[in-house]
Every structure is written in structure tokens, then in C-alpha cells.
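Lettering of chains follows the sequences in order, A, B, ..., and the numbering in each one begins at 1.
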There are 2 protein chains.
Amino acid sequence: MATRALMVNVVLFSLRDEALQVLLAPRVERWELPGETVGESEALEEAANRVLATLIRRREAYLEQLYTYGDPARDARQATVSVVYFALVPAGTGLLPGTAVQWAAVASLPSLVGGQADIVAYALRRLRYKLEYSAVGFQLLPQEFTLSELQHTYEIILSERLDKRNFRRRILASSIIEETSLLRTGEGRPARLYRYRPDAVAEVKARRLFP
Amino acid sequence: MATRALMVNVVLFSLRDEALQVLLAPRVERWELPGETVGESEALEEAANRVLATLIRRREAYLEQLYTYGDPARDARQATVSVVYFALVPAGTGLLPGTAVQWAAVASLPSLVGGQADIVAYALRRLRYKLEYSAVGFQLLPQEFTLSELQHTYEIILSERLDKRNFRRRILASSIIEETSLLRTGEGRPARLYRYRPDAVAEVKARRLFP
DNA sequence: AGAATAGTGTCTCTCAGACATTATTTG
DNA sequence: CAAATAATGTCTGAGAGACACTATTCT
């Protein structure tokens, strides 16, 4: 029984130059999501981590399975099944040398190989969505950050201005972050640095639309 | 290049006997999620629909991709990748004759083959979650239903009693359903029948946990 | 002193949640 | 008329959203 080729692809987001960016690999005249074929006895997530390891200088990244694509009619590469993962790394994460991958702002993506623009769009929708009810946003920030930086991150991803006082009230009320004793100095008044509390239970207090 | 066997499995939920039930196929001494191998040039969703077609008398069912499992270490069937779909059919949907599948209440599942109990648990979590912010619950009801039946459906799935007045206020305020001119008679005062409005924009008004 | 950024409090309005009685039908 | 189920309204408290000024540092 001949079966179909299996690969994982990764939609890796990060913040760079005040914009949300995705990492893309060059392909003839186009770009594509980085990916690898899954090994014979390899777990899917293992393969996804292997892809990340070829791209970035980093031990850890937020990684989550996004969706599995496998419609031969839609996919240029006949008969390939692609398990797509969604990954986040903090701003400033370095790329490994020797790879031809490049960051591209999601707001103005280059031309991607068949169907992959939709995949990126879906990943972005998921990121925005998760940002609202989970603590995923901290994965895009360094370990310590100011409230202004945090707010800025949210604003970039949601493409929406947020009110500073309301933002602070709510983020602090959720006790998802804690003060450090450090300040970041720069232009203007120094800002207090905060740290994410992974132990904090990020309870979802969504107001139910339906009962 | 030898690649891994690919199959789809379906977690099919329905309401029966006042309980949420899943459809299971018999396996030696155990039960398993119904599934099929994916064809050479078949789309994944196509394969999932094919599985449904072997099980139930019905043209349409709510179908959504749930998760893809493919960890050889965890999976009994070495080197199989399983794309699991999540499906809902209305109460009373008939099974096709000649299959050995059986309904089982999710609250007291029989013994499932390796790892599949977790898959059902995940599907249930997703169902509960979606119930709160989307209109997925209507997929478990016939086309016309009373508000009491709808409330009952929610209560069964969420395992939680709901207040009748608040339930009605909110469900009606969302204008996700519309009155019909029909009544259902039975014991006690006849109840008005309602119908789901698929055209209604089920806008998610989730209260953000994080700004 | 001026520019830059950080940090803080109040009011209003909406809506979730708690709660009990009346209405209509059948046997 | 008793039993069964359907249908309906009000109050309270929490929190989202709108809004403007003071504080601290650097040059």
C-alpha cells in the first residue's frame, strides 16, 4: 500500500521592527513555510521541533499544532499531507546562520506557494484569538518587559489601539504578571519591569455568548 | 521512501437517553473510534465524510478537524498517523444496519484502545468550549425544538444546571433562533417551537481575559 | 526648562446571575 | 381540579469602556 508523503510545516511568528513577522523559506520565485519530512518513527511534534532547531538559536519556543492539510486537489505538491504547527518566539530571537530563511511582515506577505497564504492567515487568526483568552502573548516578549512593551505587543497583533489605563488595570487584576525590582531606563521616566507568572492560572472568564 | 500509514478517525457525538454519547466500533476486548485509511488522492475531510457515510443514515453532519495524532511511542499501531475529526449529529439519527458500532455514554466509556480515551476527552472539552462561544449546539438538535429542549441539551453537555429565565433571555437576545408558528403539545402546556437561524451572525462577544 | 515616557482614578452603562409566580394544557 | 410543563420580569453587583492629568527622568 503506497501511502502519502508526510511533512510538518511551521508558521513561526515573532515581533520585529514594530510588526508581526513570519519566517519564510525561499522557493523558486516564491516563498514557503519552513518544513521537513517526518521521520519513520518520529512524533509529529518532534519533527516540528526539529524544524525549529534548523531555523533559530533557541532551545524553547511556544509550539502548538495548528491544522493538518491534505487535499490533493488544493495542494500543489500532489498527495502530500502537511501537519502545520504554529510557533512563537520572543522579539530578538536570532536566526541560525547558513539558512536562507527570511522574516516577512504578515501585513505585506510576499507571494507564497499554493495555499500557504491561507495557512498564514489562519495562524494569524488563531494568534489573535488566543491572545484574548490565553497568556500566549508573553511568548513573544523577553522574560522581563515593561507594561508599555506588553501593551505595544497586544496593539501590534490585534492591530488596534488600547487604552493605557484600562490595559493596566486589567492585566494587573488578572495577576498573570508580577513586578520585578528592576527598572528599565531610557528616554523619559524609567519603567518598572514585570515578569510573566507561568504558575498563575490563566482562567478564562469568557462571557458566554450562548448560555 | 517508505512513509507512514494515514487514517482518519471520527469522534461522533449525539444525544441519546438524556446523555451525550459517542459512537464506538468493537475491537478485540476493547472499543475504538471508527476510522478508515485515507485514499491515495483523497482529501482528509472527504475520508472523514466517508467514515460517517458508513455509520449513519444521514447526508449532513457537523464535521470539524480536531487534532492529528502521530506519536509512534504513544500509539499502539506503530507508525500510523491519525487525523481525528469531530462530528455532531442530531438526537435520533439512525445507524446504518450491518455495522457493529455502538453508542456509549461519554460519562462511562468502556475500555478504548491505546490513547483513544484521551482523544474522546479532548473532543468533549472542545465541544463544551465551543458550545459557549459558537452555535454548535444546534447541530445536536432536530431542526425544530423547544426552548426547554435546547436548555436541556446545554445542561447535558455542560453537566451543569442552568437558570431558565436567564437562559431564555440570553438565547433570545442573541437572535440566533427564531420562532416558528408551531407548538409542541404533550404533557402540560404546549411549548413554542423555535428554529436555528444559520444566517444569524454568531458574533463572539467574549469578555477578554487579557486586554 | 522642555521633551519624553511612566503611572494613576472615576464615572457610567451594560449585562451576568439570583430569584418566584402566573399561564396553559391534559387526564 | 390536580398535575405537568411553559412562559415571564426585576434587582443587584461586577466589570468594560471612556476619559485627562501628574510624576519622573534625561538632555
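- If you take CZ of B/R165 and P of D/dC11, they are 13 Å apart, rounded to a whole angstrom.
- Rounded to an integer number of Å, the gap from CZ of B/R168 to P of C/dC15 is 21 Å.
- In this structure, the CG atom of A/L172 is 12 Å from the P atom of C/dG9, given to the nearest Å.
- Contact between the side-chain N/O atoms of B/R170 and the OP1/OP2 oxygens of C/dG17 is found at a separation under 4.0 Å.
- For CD of A/E144, the number of neighbouring non-hydrogen atoms (other residues, nucleotides, ligands) closer than 6.0 Å is greater than 12.
- Checking side-chain atoms of A/Q65 against main-chain N and O of A/V83 turns up no donor-acceptor pair under 3.5 Å.
- Distance from the side chain of A/N166 is smallest to D/dA18 among C/dG7, D/dA18, C/dC19.
- Remark: B/E187 pairs with no residue by the side-chain contact (heavy atoms from CB on, under 4.5 Å) rule, at least two apart or across chains.
- Residues passing the side-chain contact (heavy atoms from CB on, under 4.5 Å) test with B/D163, sequence neighbours excluded: B/R165, B/N166.
- Taking atom CG of A/L162 as the reference point, atom P of D/dA18 lies 11 Å away to the nearest angstrom.
- With rounding to the nearest 0.5 angstrom, the CD1 atom of B/I157 is 8.5 Å from the CZ atom of B/R128.
- The OH-P distance, from A/Y194 to C/dA6, rounds to 12 Å in whole Å.
- For the side chain to side chain contact (heavy atoms under 4.5 Å, CB included) with A/L162, the qualifying choice from A/R170, A/E155, A/R168 is A/E155, the only one to do so.
- Atoms CZ (B/R161) and C1' (C/dG17) sit 15 Å apart, rounded to a whole Å.
- Taking atom NZ of residue B/K164 and atom P of nucleotide C/dG17, one finds them 19 Å apart after rounding to whole Å.
- Annotation: the terminal axes of the helix from C/dA1-D/dT27 to C/dG27-D/dC1 meet at 0°, where each axis is the rotation carrying the C1' atoms of four end pairs onto the next four (5 pairs per end, rounded to 10°).
- Of the residues in residues 141-151 of chain B, not one places a heavy atom less than 4.0 Å from an atom of DNA chain C.
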Before giving the answer on side chain to side chain contact (heavy atoms under 4.5 Å, CB included), spell out for A/L20 and A/L15 the whole-Å C-alpha distance, their side-chain angles and the decisive distance to 0.1 Å. CA-CA 5 Å; A/L20 185 67; A/L15 290 170; 3.9 Å; yes
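- Within residues 183-190 of chain A, the residues approached by DNA chain D to less than 4.0 Å at the level of any non-hydrogen atom are A/G186, A/G188, A/R189, A/P190, in residue-number order.
- Checked by atom type and distance alone, the side chain of A/S14 pairs as donor or acceptor with a backbone atom of A/V89 at under 3.5 Å.
- You'll find a donor-acceptor pair under 3.5 Å spanning the side chain of B/R169 and the base of C/dG17, going by distance alone.
- Looking at A/Q116, its side chain never comes within 3.5 Å of a backbone N or O of A/V113 through a donor-acceptor pair.
- For B/F145, the ring-ring contact (aromatic ring centres under 6.0 Å, His included) partners at least two apart in sequence or on another chain are B/F138.
- Taking atom CG of residue B/D163 and atom C1' of nucleotide D/dT10, one finds them 13 Å apart after rounding to whole Å.
- Summarising the geometry, atom CD1 belonging to A/I156 is positioned 12.5 Å from atom CZ belonging to A/R16; distances are rounded to the nearest 0.5 Å.
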